[in-house]
There are 2 protein chains.
Amino acid sequence: MTKIQPRTLYREVADRIRDLIEHGELAPGERISEKQLCENFGVSRTPLREALKVLASEGLVELLPNRGARVKQLTYKMVKDTYDLMGALEGLSGELACQQISDEGIAAICALHERMLVHYHNRELPEYFQVNQRIHESLLAASNNDVLLEMYNNLSQRVKRVRYSKKMTESYWRRAVQDHEEMIAALKKRDSKRLGQVLRDHLCNKLEVASIAGVIDDGETRNAANS
Amino acid sequence: MTKIQPRTLYREVADRIRDLIEHGELAPGERISEKQLCENFGVSRTPLREALKVLASEGLVELLPNRGARVKQLTYKMVKDTYDLMGALEGLSGELACQQISDEGIAAICALHERMLVHYHNRELPEYFQVNQRIHESLLAASNNDVLLEMYNNLSQRVKRVRYSKKMTESYWRRAVQDHEEMIAALKKRDSKRLGQVLRDHLCNKLEVASIAGVIDDGETRNAANS
DNA sequence: TGAGAGAATTTTGAATTCATAATACCTTTC
DNA sequence: GAAAGGTATTATGAATTCAAAATTCTCTCA
């Protein structure tokens, strides 16, 4: 049950721009021309500029006063930082979920887990990922912490456009599944500390970070300090 | 070394409104009149409305399309959710700091810790709190994760206006100091897991959440689900 | 007296306009 | 031919204007 958002132009525009960025139609670092976007969307500059301000505080766009807006560059470090953060948030979601989830909720997640195992054994990677994601979303929802959900979604949005090649080697995959076995065990026992720990360390995040290395080629060195 | 922000009107206005909210001059739930604020600030509606959009996506303000803006109400649950989140973030900051901080950095934090102990023994509560906060800020800085810092600052800003009465009982205080002893020990050993754990469980957060109960009297029940 | 319909007023959403800063272009000079 | 300086053009920041939605007020009628 999600609250309906009355539509206003600037929200519509913000959604559209988010999409453009996510799908790479506005490339990272690319200058955003107000005039051109206004014409594309058929709106005046006022709602467009409002949308840009929102996107800037969401971290998707960079506003250089008097010098226009550009799509925020993702550096390797930023993405790694973001994944570290998401790991911590997943850990928290696990701890909270353990304390709040109903027995039915646990059963539902176990069911998802079983389905995931099937996909694993059948080597159906896309389906595996999909169910895997639903498990994590379920935990997030079960944690019943709106602020956590909001933050997580924001972070997730920021790195969505990184289309890293998930180099799912056999051994990585096996370990990921093992992690999930541990998660389920902890969840069933409602061992929140344990579940939190497993989720924080969950291979998934680390793997993804590793894969990114080959995708984002920023000028900075990999170990550079913050800008 | 922090980057200078070119001033624009909407940023100035956003800063001012943040202040007003933080200090309660704009009360929670209060309707924000565009006209009045414009006159107070001496600006037109355009930059004001841009500022409101930014504040809305920072979670300080609520925008009801066609019906104006109001200062976001803080419910007990929202504040508790926020503190849970901040605890998780502090935990992460500890883990990361352990791995990255220099020996000098550790020494600096130890020095702060010693100062804090002095204030503890002298029963100087305000000074204690101040040094205590600097320790946590130092860890956050040492974690060298800009995204983490950004999120933490945002969350912190949201709950800043809650002026709960810190009922620092003797036993609470003693335990908080014990927590800090453990933190320092873990930091010196660069035991990131341990430091993370201590920070996540650090009494500080839980205590504050407890204190809030008496301050925020929302219509909702304490255990209510999300709105 | 009070409820409800409808007009007047206010407030918001969005387009337009105006001023200024940044950029591009062209000329001049060495 | 390249660099420097100055002008023209463009893009941005912010005020103003216009349109539509919401709110308030008033008047009627039960």
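Naming: A, B, ... by sequence-line order, numbering from 1 per chain.
- In this structure B:N145 satisfies the side-chain contact (heavy atoms from CB on, under 4.5 Å) test together with A:D81, A:D84, B:L96, B:S143, B:V147, B:L148, sequence neighbours excluded.
- Annotation: side chain of B:M116 is not in contact with side chain of B:R134 (no heavy-atom distance under 4.5 Å).
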Under 3.5 Å between N/O atoms: give me all the protein pairs with nucleotides 19-22 of chain C, atom names plus distance.
none

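- Taking atom CZ of B:R7 as the reference point, atom C1' of D:dA14 lies 16 Å away to the nearest angstrom.
- Distance OH (A:Y10) to P (C:dG13): 8 Å, rounded to an integer number of Å.
- When the P atom of D:dA15 is taken as reference, atom CD of B:E12 falls 13 Å away, rounded to whole Å.
- Interface residues of residues 34-50 of chain B facing DNA chain C, ordered by number: B:E34, B:K35, B:R45, B:R49; criterion, heavy-atom separation under 4.0 Å.
- A donor-acceptor pair is defined here as one N or O able to donate and one able to accept, closer than 3.5 Å; such a pair exists between the side chain of B:N154 and the backbone of B:E58.
- Every residue meeting the salt bridge (charged side-chain N to carboxylate O under 4.0 Å, His left out) condition with A:R158, not counting sequence neighbours, appears here in chain and number order: B:E150.
- For the salt bridge (charged side-chain N to carboxylate O under 4.0 Å, His left out) test, residues two or more places apart in sequence or in another chain that qualify with A:R45 are A:E34.
- In this structure, a donor-acceptor pair under 3.5 Å is present between the side chains of A:H119 and A:E124.
- One can place CZ of B:R31 at 14 Å from P of C:dT10, the figure rounded to the nearest angstrom.
- In this view, A:D15 and A:R7, A:R18 satisfy the side-chain contact (heavy atoms from CB on, under 4.5 Å) rule, not counting sequence neighbours.
- Whole-Å rounding puts the B:I32 CD1 to C:dT11 P distance at 15 Å.
- Here C:dT11 presents its P atom at 15 Å from CG of B:L52, a figure rounded to the nearest Å.
- At least one donor-acceptor pair closer than 3.5 Å links the side chain of A:H23 to the backbone N or O of A:D19.
- Going from atom CG of B:L64 over to atom C1' of C:dT11 covers 13 Å, rounded to whole Å.
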